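First comes the structure, then the notes that go with it.
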Amino acid sequence: MTELEHEHRPGEHAVVLQGELPPDDSLETPDAVDALTTAGQGLSTKPLSPGRLAWRRFRRHKPALVSAFLLVVISVVVFFPQLLTSSDPIRGNPKAANQAPSATHWFGTNNLGVDQLSRILHGGQISLKVGLAVALVSAVVGVAIGAMAGYYGKWLDNLLMRVTDLFLAIPLLVALIILSRLPAQNKWAQTVVGETNSLRSIVTILSLFFWMPMARIVRGQILSLKEKEFVEAARALGARDRRILVRHLVPNCTGAIVVNVTLSVAAAILTEAALSFLGYGIQGTLIPTWGFMIADEKGSYQTHPWLVLFPGMAILLVVLCVNYLGDGLRDALDPKQRKV
Amino acid sequence: MVLYAIRRLLWSIPVVIIASILVFVAVKSTTNPSAQRCPTCRAEDSQRLAQQLHLNESGASQYINWFGKFSHGDFGKTLRQKPVWPDLRDAIIVTLQLGALAYVITIGLGLTMGVISAIKQYSWFDSLSTGASFFGLSIPPFFFGLILQIVLVLKFRDWFGTTPFFTSGVNNSSSTGLGYDRLIHLILPAFTVAVQGIAIYSRYMRSSMLDVLNSDFLRTARAKGISERRVIVRHALRNALIPVVTYSAIDVGAIIGGLVITEQIFQIPGMGVYFLQAFRDGEYVKILPWMMLVVLSVIVLNLIADLVYGVLDPRIRLD
């Protein structure tokens, strides 16, 4: 995954920073003073739960806060488009074709007179679903592989990590293009992943290539966690490997997992859009995805630029928000991890 | 180090063979040459085709047949009986030019932005480049390319020209030259390929540089009285580059993906367009050597990254 590290947090790295403190926004903030007093004297204030501490760190990341709010708004209007527009996203009014953005059609209309705003909102449902589904499926796979490699070590670790390296070396887009045609040629592939260019098949093949960063991160964390005393205590109490993994080790990686899931939502949305743009993404739905809309209208950008601009802006806005959210979550949940 | 390189190269032989099997299976099971758009095909034509491609033999013998020829440099003929290599070669040259230019832009801009951001942490430049890199990471490359086309080509058409990739009259017969005309046509696409890389490298370089700037040996270097410039260039930069170099090897796949999309937007007759075209036509004879070249370049670039890693950090023993 990409590396989106944020500034040193005042209070946590105050000693390391030395002369390079940010000009004014640091130690005087009430949070930092709280943190310092909690750490320093530990008498005057009640200890804060990890959740509250995380929330405080998250709150300080203003872009992430704004992004979280925007994402909520976007999800609401995408999944309940009636709130913003009552236009039909499929059938349009041919007399009102190719209109520029106006008060009645905020984002203009396409060559069939379909309201572009309505199309974008309805089409967004697919993009958001793909992003979430791919992130969740690949998270499950990645956590399982990373946890096994980190916990059992030895040859299993070696094998799983070599497989991970192999997958990382495969050119993503080329592999996706080729695999997206698999169900069209193979009956068995069709029964496993579903129809060609369907939501299910695209989510499946995308997930095949999104689990590697998660596996690496979880493995790294488990490698150090498994030497901790609480694991020894659990083992002394008679807990089996499975229980130690599922109840003790994996929950301790929650921060890293959440951050990674968020960032892969962004990557998945971008990749699906690129696939759609090339004609190998999700097709056959009544309303096209954002990437497909751009591909469809790219010939007319000189005369009707709004048909290309608005779907593109939609992708950009969602992915930007998700990336900022991931960055804020990293500061909040996983402050130690600064590189992915 | 030479020994290490040789050993790595020997190791890559089984890797290439395994990869070739995977590539062969993947390409064969997703393309269907007999479902060609070939309205005039007669029975004997399909028979000849089947014979030429050994379609009636088992999968294994088809693979052995292909790999034997491929490893001797015989790339075969397309379904329309054209030899594969000349077209592929032209595409490779164009893509190498584009890729090299994009790489120079990525590394040049990305690393410079990262280093300046780190040295002037929390300055206006730092916040600007942080914002810009989030933007660069989040914008779909194809959308960015389209915007460049809309804004720059339509508004400033005198600069970049609206002519097709091969300007008529200027080196349109061969695609090997890298003249002024070619360079002008490559700037926007190269920048499109580079955007995501610039964003990633500048963030990566910044954090890596910050780590180094806060380290003890840098304070020692300053205390010795070495000029600030020398401290940054000789001591900090060199160490900060190490993690960045490791990253660059993983990045090859992303660059190839970016090239495919960008060539499609700007209609550049490179490897990306070659692949898309061949895949759409089900010409697996053309795709197989293409894929193998990609595999080989991934392996070689990974090796180069490892060697550079060793040069930058003498503590790492490559053996």
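A quick note: this is a predicted structure, and the numbers were derived from the prediction, not measured. Order of the sequence lines sets the chain letters (A, B, ...), proteins ahead of strands, with each chain counted from 1.
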Taking only distance into account, with no hydrogens and no angle test, what donor-acceptor pairs under 3.5 Å do side-chain atoms of residues 290-298 of chain B form with protein atoms, sequence neighbours excluded?
unit_1: B/Trp290; atom_1: NE1; unit_2: B/Met271; atom_2: O; d: 2.9
unit_1: B/Ser297; atom_1: OG; unit_2: B/Leu293; atom_2: O; d: 3.3
unit_1: B/Ser297; atom_1: OG; unit_2: B/Val294; atom_2: O; d: 2.8

Pick one of side chain, backbone, both or neither for B/Phe135, based on which atoms fall under 4.5 Å of a heavy atom in chain A.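 Both backbone and side chain of B/Phe135 come within 4.5 Å of chain A.
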
Under 4.5 Å heavy-atom distance to chain A, tell me which part of B/Ile139 shows up: side chain, backbone, both or neither.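 When you check distances to chain A, atoms from both the backbone and side chain of B/Ile139 fall under 4.5 Å.
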
Residue, of [options], that accumulates the most heavy atom pairs under 4.5 Å with chain B:
options: A/Leu317, A/Leu166, A/Leu270; answer: A/Leu270
options: A/Leu320, A/Ile178, A/Leu182; answer: A/Ile178
options: A/Asp165, A/Leu316, A/Val318; answer: A/Leu316

Can you say whether [X] sits under 4.5 Å from chain B via the side chain, the backbone, both, or neither, judging by heavy atoms?
X: A/Ala274; result: both
X: A/Leu309; result: both
X: A/Ile177; result: both

Keeping [X] on the side-chain end and [Y] on the backbone end, is there a donor-acceptor pair under 3.5 Å?
X: A/Asp327; Y: A/Asn323; value: no
X: B/Gln196; Y: B/Val193; value: no
X: B/Ser208; Y: B/Met205; value: no

Distance alone, cut at 3.5 Å: any donor-acceptor contact between the side chains of [X] and [Y]?
X: A/Ser276; Y: A/Thr289; result: yes
X: B/Ser129; Y: B/Ser202; result: no
X: B/Ser29; Y: A/Arg181; result: no

Can you tell me which of B/Gly257, B/Pro140, B/Ala19 forms the most heavy-atom pairs within a distance under 4.5 Å of chain A?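 Of the options given, most contacts go to B/Pro140.
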
